[in-house]
There are 2 protein chains.
Amino acid sequence: MTQTTAVATEETESTDICSPPPRRHPRPDGQDSYTISEVVAFTGLTAHTLRWYERIGLMAHVDRSHTGQRRYTNRDLDWLDLVGKLRLTGMPVADMVRYAELVRAGESTYGERYELLEATRRDVLARIAELRDTLAVLDYKIGIYANAGQSYETARTR
Amino acid sequence: MTQTTAVATEETESTDICSPPPRRHPRPDGQDSYTISEVVAFTGLTAHTLRWYERIGLMAHVDRSHTGQRRYTNRDLDWLDLVGKLRLTGMPVADMVRYAELVRAGESTYGERYELLEATRRDVLARIAELRDTLAVLDYKIGIYANAGQSYETARTR
DNA sequence: CGCTTGCCTGGAGTGCACTCCAAGGCCATA
DNA sequence: TATGGCCTTGGAGTGCACTCCAGGCAAGCG
């Protein structure tokens, strides 16, 4: 395994210049109008969760049909994508709501948003390092179990 | 089963594939007897959590002093270390309890333990991949805010 | 017309992983 | 003897992130 101190430099190398993430939407802009169940199918979230996200302000108010049903746009899908990614980092929902509020507040909050994302980035790097550490332990133990055909286990690691 | 099997010998160094994780204990084996507050200081867990771990079977019964107070050993510290690592992977406590039960059940469960650790290993790898993906998105957005933020700052201070 | 399907709402419920409480035991120092 | 500190217990409480429920509306179909 490489040294843990090499992580930081590796990262700067892997993301030299930002490549825009390629997105495919189910429908092109202009015809982007999805029912809640379509969004469920696309995101893997439940309808409950989608409505709950909107209630707590994690999503801006979603467009409605003339009968009051939700109609999601490609932009909503993108937002949900970002939310999903942030959720994977372990960011609390309250923090994501805060970010959503900053976005709604306009461009005067660019600085704050930058700080928030930077902090999150540091968290992600730290978490990756932790996971690598854990992986080493796991590999070590797996090695023991793979080798230990009928020899008894070490007391040390139980 | 109060009988701790006499496996105090170290046969850990028989494996050559993985480097054994270096462990430093506050006290050498033989004088390893820690109060709950010492373990709190060493692990970062709370006393509540330590007692709770024991109650739910995530730890084997801890030794007691003649007055009934818990006295942790180096082995307990090692176990808590592993638990901490597994917790970082997002493994549910119930699964860790299951692993603890397998360990207590003896060497007939080697296969199952192996499977469990292997599955966890795959989870960890998948999570690392997810985090890298998230990192790319984060870097992309940070790049945007860095540029836009600069122009906003410029516009502000102009 | 009724039936099914899909969606709506506010509020209540769930599961997890702790986290704390109240009441008390032991023991060293003052 | 008293005070303070550290520890014990079972059980209750907390916070988070959903998850579900009851009751109801609107559209499409035979």
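Lettering of chains follows the sequences in order, A, B, ..., and the numbering in each one begins at 1. Any value given below was found using the heavy atoms of this structure, including those in side chains, with hydrogens, waters and symmetry copies removed. Remember, it's a predicted structure, so these values are computed and weren't measured experimentally.
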**Asked** Can you give one letter per nucleotide of nucleotides 7-13 of chain C, going 5' to 3': B for a protein heavy atom under 4.0 Å from the base, S for sugar-phosphate only, - for none?
**Response** SSBBB--
Every protein N/O lying under 3.5 Å from an N/O of nucleotides 15-18 of chain C:
unit_1 : atom_1 : unit_2  : atom_2 : d
C:dA17 : OP1    : B:Val93 : N      : 3.2
C:dA17 : OP2    : B:Val93 : N      : 3.4
C:dC18 : OP1    : B:Arg87 : NH1    : 3.3
C:dC18 : OP2    : B:Tyr53 : OH     : 3.4

**Message:** Distance check needed: D:dC6 P versus B:Leu50 CG, whole Å only.
**Reply:** 16 Å
**Request:** Apply salt bridge (charged side-chain N to carboxylate O under 4.0 Å, His left out) to B:Arg87 and list each qualifying residue two or more places apart in sequence or on a separate chain.
**Result:** none
**side-chain hydrogen bond (donor to acceptor under 3.5 Å, both in side chains) against A:Tyr114, all qualifying residues, sequence neighbours excluded** = none
**Prompt:** Under the side-chain hydrogen bond (donor to acceptor under 3.5 Å, both in side chains) test, which residues partner A:Tyr53, sequence neighbours left out?
**Reply:** none
**Request:** Could you check A:Val93, A:Val103, A:Leu58, A:Leu116 and say which one makes a side chain to side chain contact (heavy atoms under 4.5 Å, CB included) with A:Arg98?
**Result:** A:Leu116
**Asked** Among pairs that include at least one residue of residues 43-57 of chain A, which meet salt bridge (charged side-chain N to carboxylate O under 4.0 Å, His left out), considering only residues two or more places apart or in two chains?
**Response** A:Glu54-A:Arg64, A:Glu54-A:Arg70
**Prompt:** What pairs with B:Arg121 under salt bridge (charged side-chain N to carboxylate O under 4.0 Å, His left out), at least two apart in sequence or on another chain?
**Reply:** A:Asp139
**Complete:** side-chain hydrogen bond (donor to acceptor under 3.5 Å, both in side chains) filter on A:Ser33, not counting sequence neighbours, yields none
**Message:** B:Glu38: which residues meet the salt bridge (charged side-chain N to carboxylate O under 4.0 Å, His left out) condition with it, sequence neighbours left out?
**Reply:** B:Arg27
